[in-house]
Amino acid sequence: QVQLVESGGGLVQAGGSLRLSCAASGRTFSIYGMGWFRQNPGKERKFVAAISPSGEITNYTDSVKGRFTISRAHGKNTVYLQMNSLKPEDTAIYYCAISKRGPAYTSPGDFGSWGQGTQVTVSS
């Protein structure tokens with residue numbers, strides 16, 4: 001069973017950058033696609049980005065295209081979300097999860113093994 005732990009969140013000023021990490025346990029991590037979601041209190045969990053097991057295919061929600069980059073580490077045991085040109089509307093708790101179907105599928109129900117989340121706050 002794979003367990004995920006997010007880290008790297010914090011408080012940044014608008015226009016700044018932040019890099020989130022998702023560390024996974026287990027030798028089978030590399031066979032799974034991965035995704036990042038974000039959620040605010042009282043709101044639905046929303047898709048941010050996804051990446052295929054090989055890392056060659058990625059998918060992003062329109063609001064972060066050109067600003068965020070999802071990637072996998074050399075050993076494929078860690079997934080990153082590089083966030084540049086941050087905006088106040090990017091403020092949320094960010095979660096990583098394992099994709100059950102592939103990067104083209106963006107519903108929370110298409111993902112599992114959710115991490116505990118890491119808070120990202122962007123000040124105006």
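Bear in mind that the values here come from a model prediction, so they are computed numbers and not experimental data. Keep in mind that the numbers below use all heavy atoms, side chains included, and drop hydrogens, waters and symmetry copies.
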Q) What pair of heavy atoms forms the shortest contact from N77 to A73, and how long is it? A) OD1-CB, 4.4 Å
Q | Non-neighbouring partners of Q82 that pass side-chain hydrogen bond (donor to acceptor under 3.5 Å, both in side chains), sequence neighbours left out | A | N84
**Q.** 4.5 Å side-chain heavy-atom contact, P108 and F37
**A.** yes
Q) Which pairs pass salt bridge (Lys or Arg N to Asp or Glu O under 4.0 Å) with one or both residues in residues 12-21, sequence neighbours excluded? A) none
(Q) Please give me the minimum heavy-atom distance between L81 and A49, naming the atom from each residue. (A) CD1-CB, 4.2 Å
Q) Judged by atom type as modelled, is there a donor-acceptor pair below 3.5 Å linking the side chain of T118 to the main-chain atoms of G9? A) yes
Q) In Å, rounded to the nearest 0.5 Å, how long is the span from CD of Q3 to OG of S25? A) 4.5 Å
Q. Should the pair Y94 and F68 be assigned to parallel (<30°), tilted (30 to 60°) or perpendicular (>60°) ring geometry?
A. tilted
Q | Straight-line distance of C96 SG to L20 CG, nearest 0.5 Å | A | 9.5 Å
Q: For a side-chain contact (heavy atoms from CB on, under 4.5 Å) with R38, tell me which candidate from T91, V64, V120, I93 qualifies.
A: V64
Q | Residue pair T78 / S21: nearest heavy atoms and the distance that separates them | A | CG2-CB, 4.4 Å
Q: Tell me whether the guanidinium CZ or amine NZ of R72 lies under 6.0 angstrom from the six-membered ring centre of Y80 and within 45° of its axis.
A: no
Q. Should the pair D90-K87 be classified as a salt bridge under the 4.0 Å nitrogen-to-oxygen rule?
A. no
Q) Nearest 0.5 Å, what's the OG-CD distance between S124 and E89? A) 10.5 Å
Q. What are the two closest non-hydrogen atoms of A14 and P88, and how far apart are they?
A. CB-CD, 4.2 Å
Q. Is there a path from V122 to Y95 through hydrophobic residues (I, L, V, M, F, W, Y) whose side chains come within less than 4.5 Å of each other?
A. no
Q.
Once you measure the plane-to-plane angle for F111 and F47, does it fall in the parallel (<30°), tilted (30-60°) or perpendicular (>60°) bin?
A. tilted
Q) Any Lys/Arg nitrogen of D110 or R101 sitting under 4.0 Å from an Asp/Glu carboxylate oxygen of the other? A) yes
Q. Is it the case that one hydrophobic cluster holds both V79 and V48, taking links as side-chain heavy atoms less than 4.5 Å apart, direct or via other members?
A. yes
(Q) Is the shortest side-chain heavy-atom distance between C22 and M34 below 4.5 Å? (A) yes
Q: Give, for atom NZ of K65 and atom OG1 of T58, the distance between the pair rounded to the nearest 0.5 Å.
A: 9.5 Å
Q | Reported CD1-to-OG distance for the pair I98 and S113, which is rounded to 0.5 angstrom | A | 4.0 Å
Q) I70 and Y60: side-chain contact (heavy atoms from CB on, under 4.5 Å), yes or no, with the steps? A) CA-CA 9 Å; I70 187 171; Y60 301 91; 3.4 Å; yes
**Q.** Contact list for residues 36-70, test disulfide bond (SG atoms under 2.5 Å apart), sequence neighbours left out
**A.** none
Q) Would I51 and I57 satisfy side-chain contact (heavy atoms from CB on, under 4.5 Å), going step by step from the backbone distance to the final call? A) CA-CA 6 Å; I51 189 167; I57 302 173; over 6 Å; no
Q. Can you find a heavy atom in the side chain of Y32 that is under 4.5 Å from one in the side chain of V2?
A. yes
(Q) Taking the side chain as everything from C-beta on, heavy atoms only, tell me whether W36 gets closer than 4.5 Å to E6. (A) yes
Q: Kindly give the heavy-atom pair with the smallest separation between A24 and L4, and that separation in Å.
A: CB-CD2, 3.5 Å
